[in-house]
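Heads up, the thing below is written out as structure tokens.
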Amino acid sequence: MVNSMFASEFQLFPTQASSVAPAVDLLTLFILAVNVGITVLVMVLLVVFAILFRRKSESDLPKAIHGNVPLEIFWTAIPSVVCLVMFFWGVKVWSEIVVAPRDATEIYVVGRQWMWKLQHPGGQREINSLHIPVGSTFKMIVTAEDVIHSFSIPDFRVKVDAVPGRYSQMWFTATKPGKYHLYCTEFCGTEHSRMIGWVHVMEREDYSRWLNEQAEGGDGLQGRKLFTKLQCITCHSDANKAPLLEEIFRKEREIGFMDGKPVAPGTRVLAAESYLRESIRYPNAKIHRGFSYPSIMPVYDRDLVSEEELLQLITYIRSLKQGDTPARTEETPSPQPTAGGEKTFAAPGSGNK
Amino acid sequence: MSTINLDRGLIAGADGGTTTAPAKAPLNYLNCESTVASWLLTLDHKRIGLLYLVGITAMFILGGTFASLIRFELLTPKGDVLSGDSYNKTFTAHGVVMIFLFLIPSIPAVLGNFLLPIMIGTKDVAFPRLNLMSFYLYVGGGIFLSLALLFGGVDTGWTFYTPLSSSYANGNVMAAALGVFIIGFSSILTGLNFIVTIHRMRAPGMTWFRMPLFVWAMYATSLVQVLGTPVVAITVSLLGFERILGVGIFDPRLGGDPILFQHMFWFYSHPAVYIMIIPSLGVASELVTTFSRKGIFGYEIIACSSIAIAIFGFIVWAHHMFTSGISPYAAMVFSFLTFSVAIPSGIKVFSWLATMFKGSISYASPMMFFFGFIGLFTIGGMTGLFLSTLGTDIHLHDTYFVVAHFHYIMVGGAIMGYMGGMHYWWPKITGKMYSELWSKVSAALIFVGFNFTFFPQFFLGYLGMPRRYHEYPEELQVLNVLSTVGASVLALGYILPLLYLPGSLFFGAKAPKNPWGASTLEWTECESPPHPHNFESNPPIPDHVYDYSQLSKEAVRVSH
């Protein structure tokens with residue numbers, strides 16, 4: 001099934017298994033060359049001077065050289081130029097690492113003490129492992145349930161911190177089938193070193209077979225169940241009570257209130273993951289134009305909806321097509337409005353992203 | 001009896017000492033008084049320096065013991081010596097003790113206290129009582145912190161990142177934070193004392209550009225201590241508000257922002273790296289000129305580069321946060337600024353080499369430590385370039401590459417410089433010569449052991465081994481075993497001076513006034529060990545601080 005590397009095989013350099021790895025390694029080699037060059041120069045001069053100019057007599061009294069302007073300009077200018085080259089080259093490689101291609105398939109990742117939970121667009125869920133086909137581009141949307149973690153795949157040369165309350169991004173295209181380490185690289189408590197797993201890069205046929213075996217409903221089935229269970233359906237099925245959520249994902253939405261204050265007509269926000277998360281956790285942070293403040297929507301804090309469930313809800317919302325919203329059933333009671341309270345404020349860091 | 005220490009008027013005449021001391025041993029700061037109180041309540045900067053020496057040596061042994069436990073555990077991929085929780089508490093304790101209780105006070109509080117007033121030709125620091133208070137804040141905070149780490153422990157890492165430290169960790173986080181808070185004041189007061197001393201207490205004729213480069217380094221360090229340390233005090237206070245009172249500052253569940261903590265923490269803790277390394281750079285400048293017996297190359301540039309490093313040190317902190325989701329523009333600015341620190345550091349290394357050029361180089365043991373220092377500091381500095389470059393830092397961040405890099409700077413640079421300084425000034429401080437043979441063996445063991453310990457970690461890091469891992473994949477064992485073996489050699493290198501240096505007090509030959517043929521005031525105008533008032537009258541200040549032509553043939557003769 002998967003050509004796995006032997007776990008105990010000794011190696012000195014990591015495998016190049018993603019599209020950005022060669023660029024990172026090339027830059028590394030350049031810096032290494034500069035390192036070796038300068039370090040060897042310093043060591044050789046040190047040893048040569050120490051031998052050549054060793055004290056021959058206790059009455060030696062060498063003449064001081066107080067400075068040499070051309071020499072000093074030389075050893076200030078040359079390292080500065082070399083540093084500038086590293087800086088610009090570094091920015092170039094880094095922009096390749098951080099700017100995801102538009103056509104990437106999105107996978108949601110939640111880190112928690114002490115495991116990685118991953119969710120594929122089709123609803124397949126994995127813990128501490130990730131199955132992907134070779135050659136396709138994936139974007140990880142990463143957050144954390146509790147403390148800060150960091151999602152790291154060394155053979156892909158990529159890493160991003162999983163910060164509670166934020167969605168970070170990371171992308172890669174695997175170029176070589178195999179089994180690669182997945183680590184948590186931000187210290188997260190007692191079992192930090194067990195928050196590890198494997199990335200399985202599979203041939204396309206193997207991957208399709210795996211997907212079919214794993215499918216458990218798809219289209220955010222879990223999210224759809226939550227949508228009813230949490231009674232989102234009560235209002236979000238009636239455009240007079242709350243905005244309908246069909247085909248809103250990644251669209252501009254006009255808002256009427258922000259942090260409790262009316263905003264100018266035409267103020268828009270992008271309904272991406274951060275906005276949806278904020279609207280669920282802190283309904284009063286931004287209110288859609290045409291609805292009143294405070295919102296009648298209850299605050300769904302962590303006790304009601306976990307980060308993982310939140311992502312399932314988002315998956316469901318993004319799958320909603322025109323006319324998909326299920327009809328409200330009569331037995332669900334109407335929620336009471338929530339006014340004021342500390343939890344209605346927007347979480348710093350979760351807004352304007 | 002106490003007039004010797006308390007009298008802070010003009011420098012006393014020569015009669016003050018000679019009439020009271022026995023004919024054989026001239027009066028010095030060690031034999032002038034011998035009661036326990038005369039040590040514990042001393043206001044003499046030299047005695048306070050020695051008190052610190054005892055304190056930081058104890059802390060170095062404690063921190064080193066934790067380091068040994070870590071390396072022992074990492075001998076095998078599975079967690080077998082320590083449980084996960086104990087391992088986490090051990091590396092936290094190692095980091096906290098080594099950074100806050102050893103490295104930050106090491107050179108400034110021991111050598112700086114002892115030497116700074118002498119080097120600028122004065123009798124004491126500006127505020128001797130404050131100096132003693134700094135010491136007791138250090139002792140109080142140190143005991144508090146050590147107890148918190150030993151009994152119960154803290155498992156957050158020395159970085160105390162939120163929300164792990166504020167809402168999740170169960171250990172003595174608040175006790176440790178309080179310890180850091182108290183020690184911070186010790187650091188601030190020492191820095192303040194040094195700044196005022198350098199500004200106000202220089203002997204007549206001691207202009208700014210006649211000060212030894214060690215004093216310039218102390219000045220730069222003190223600026224960072226005074227300006228940076230209050231921020232860490234504020235940060236741990238806010239941590240306390242959140243952990244004890246539940247005020248939402250850093251924990252997103254309470255409406256806080258965990259990244260804010262990282263900004264505040266590194267705003268102090270990055271400059272703190274310079275508190276640790278700049279003093280060693282100052283020591284290195286003293287060593288290279290003395291043991292090449294040649295005026296330093298580019299005195300003004302080296303002096304100003306210490307100040308430049310201190311200032312740049314304040315504007316690079318976010319390079320610790322390239323993967324934590326800071327804005328791309330911020331990341332680029334901080335990467336660029338980080339490169340700017342490389343330039344003054346490079347200038348120093350090249351200037352030291354130029355000082356050796358056509359010098360008369362002695363192989364005395366302090367110079368051996370200097371050679372080791374240059375080698376390790378250069379590797380440490382150069383490998384920093386991988387981490388300031390954005391494209392490579394993403395892969396290397398939070399791996400063993402970072403661990404190797406900062407140990408090359410902190411242990412290879414800062415501690416090697418401290419060892420060089422201790423060996424250089426030991427005859428002045430104690431009046432005794434130590435064993436040249438054993439000290440050279442120690443320098444060699446430290447250099448070899450150090451490289452074996454930390455060089456393999458660069459490879460471990462590039463392979464992706466994360467920091468702070470109690471267990472690791474099997475294929476990484478070979479490199480970890482190498483590292484642990486190296487650490488054993490390194491430990492031996494550090495144990496030796498703990499034996500032969502104290503041993504020299506009993507068996508060492510009497511140190512002459514100027515055994516190395518150095519040109520600064522502590523050697524040319526002060527006895528070994530110095531008079532309680534340092535000088536018997538205002539010392540004459542030469543036009544150039546490193547002018548060896550002024551030394552008489554007698555002073556130049558190396559006596560061992």
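Numbers restart at 1 for each chain; the letters A, B, ... are given by sequence-line order, proteins then strands.
For chain B, the option among A/Lys56, A/His66, A/Arg302, A/Met43 with the highest count of heavy-atom pairs below 4.5 Å is A/Arg302. The candidate from B/Gly346, B/Ser166, B/Pro328, B/Gly157 with the greatest count of non-hydrogen atom pairs under 4.5 Å with chain A is B/Pro328. Your options are A/Cys184, A/Ala144, A/Ser95, and the one with the most heavy-atom pairs under 4.5 Å with chain B is A/Cys184. Of all the listed residues (A/Ala64, A/Ala162, A/Pro14), the one sharing the greatest number of non-hydrogen pairs under 4.5 Å with chain B is A/Pro14. Annotation: maximal heavy-atom pairing with chain A below 4.5 Å, among B/Gly248, B/Ala354, B/Ala169, B/Ser351, occurs at B/Ser351. Between chain B and the residues A/Glu96, A/Arg194, A/Gln169, A/Met170, the most heavy-atom pairs under 4.5 angstrom are made by A/Arg194. The candidate from A/Asp146, A/Val98, A/Val160 with the greatest count of non-hydrogen atom pairs under 4.5 Å with chain B is A/Asp146.
How far OH of B/Tyr87 is from OG of A/Ser193: 8.5 Å, rounded to the nearest 0.5 Å. Here the straight-line distance linking atom OG1 of B/Thr159 with atom CD of A/Glu186 works out to 7.0 Å at 0.5 Å rounding. Between atom OG1 of residue A/Thr190 and atom CG of residue B/Asp85 there is a gap of 5.0 Å, rounded to the nearest 0.5 Å.
A salt bridge links B/Asp257 with A/Arg166: the closest approach of a Lys/Arg side-chain nitrogen to an acidic carboxylate oxygen falls below 4.0 angstrom. A salt bridge is defined here as a Lys NZ or Arg NE, NH1 or NH2 lying under 4.0 Å from an Asp or Glu carboxylate O, and B/Arg293 with A/Glu58 meets this definition.
Results of the side-chain contact (heavy atoms from CB on, under 4.5 Å) test with B/Pro258 over A/Asp161, A/Ile148, A/Val147 single out A/Ile148 as the only residue that passes.
When heavy atoms are compared at a cutoff of 4.5 Å, A/Arg54 approaches chain B by way of both its backbone and its side chain. Only the side chain of A/Ile97 comes within less than 4.5 Å of a heavy atom of chain B; its backbone N, CA, C and O stay farther away. Heavy atoms closer than 4.5 Å to chain A are found in both the backbone and the side chain of B/Phe350. Heavy atoms of B/Leu396 lying under 4.5 Å from chain A belong exclusively to its backbone. Residue A/Ile196 touches chain B through its side chain alone, counting heavy-atom pairs closer than 4.5 Å. Within the 4.5 angstrom heavy-atom criterion, atoms from both the backbone and the side chain of B/Leu164 approach chain A.
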Taking distance alone, no hydrogens or angles, what donor-acceptor pairs closer than 3.5 Å link side-chain atoms of residues 70-92 of chain A to residues at least two apart or in another chain?
{"from": "A/Glu72", "atom 1": "OE2", "to": "A/Asn68", "atom 2": "N", "distance (Å)": "2.9"}
{"from": "A/Thr76", "atom 1": "OG1", "to": "A/Glu72", "atom 2": "O", "distance (Å)": "2.7"}
{"from": "A/Ser80", "atom 1": "OG", "to": "A/Thr76", "atom 2": "O", "distance (Å)": "2.6"}

What side-chain donor-acceptor pairs closer than 3.5 Å can you find for residues 20-36 of chain A, not counting sequence neighbours?
{"from": "A/Asp25", "atom 1": "OD1", "to": "A/Arg157", "atom 2": "NE", "distance (Å)": "2.8"}
{"from": "A/Asp25", "atom 1": "OD1", "to": "A/Arg157", "atom 2": "NH2", "distance (Å)": "3.3"}
{"from": "A/Asp25", "atom 1": "OD1", "to": "B/Tyr462", "atom 2": "OH", "distance (Å)": "2.6"}
{"from": "A/Asp25", "atom 1": "OD2", "to": "A/Gln16", "atom 2": "NE2", "distance (Å)": "2.8"}
{"from": "A/Asp25", "atom 1": "OD2", "to": "A/Arg157", "atom 2": "NH2", "distance (Å)": "2.7"}
{"from": "A/Thr28", "atom 1": "OG1", "to": "A/Val24", "atom 2": "O", "distance (Å)": "2.8"}
{"from": "A/Thr28", "atom 1": "OG1", "to": "B/Tyr462", "atom 2": "OH", "distance (Å)": "3.0"}
{"from": "A/Asn35", "atom 1": "OD1", "to": "B/Thr383", "atom 2": "N", "distance (Å)": "3.4"}
{"from": "A/Asn35", "atom 1": "ND2", "to": "A/Ile31", "atom 2": "O", "distance (Å)": "3.0"}
{"from": "A/Asn35", "atom 1": "ND2", "to": "B/Met382", "atom 2": "O", "distance (Å)": "3.2"}

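For B/Phe336, the CZ atom sits in a loose shell: 12 or fewer heavy atoms of surrounding residues, nucleotides or ligands are nearer than 6.0 Å.
The main-chain N or O of B/His397 is found under 3.5 Å from a side-chain atom of A/Lys159 such that the two form a donor-acceptor pair.
Taking the six-membered ring where the residue is Trp, B/Phe91 and A/Phe187 present perpendicular rings, their angle passing 60° and hence far from 30°.
One side chain, B/Ser360 or A/Asp60, offers a donor N or O that lies under 3.5 Å from an acceptor on the other.
Listed here is the closest heavy atom pair of A/Glu145 and B/Tyr168: O-OH, 4.3 Å. Listed here is the closest heavy atom pair of A/Pro62 and B/Lys358: CB-O, 3.3 Å. A pairwise comparison of heavy atoms in A/Leu12 and B/Leu463 identifies O-CG, 3.8 Å as the closest pair. In this structure, B/Asn88 and A/Gly189 approach most closely via the heavy-atom pair ND2-O, 3.3 Å.
Taking the six-membered ring wherever Trp is involved, the centroid distance between the rings of B/Tyr469 and A/His192 falls below 6.0 Å.
In this structure, B/Met356 and A/Leu46 have side chains that are in contact, with non-hydrogen atoms separated by less than 4.5 Å. Using a 4.5 Å heavy-atom threshold, the side chains of B/Pro466 and A/Ser152 count as separate.
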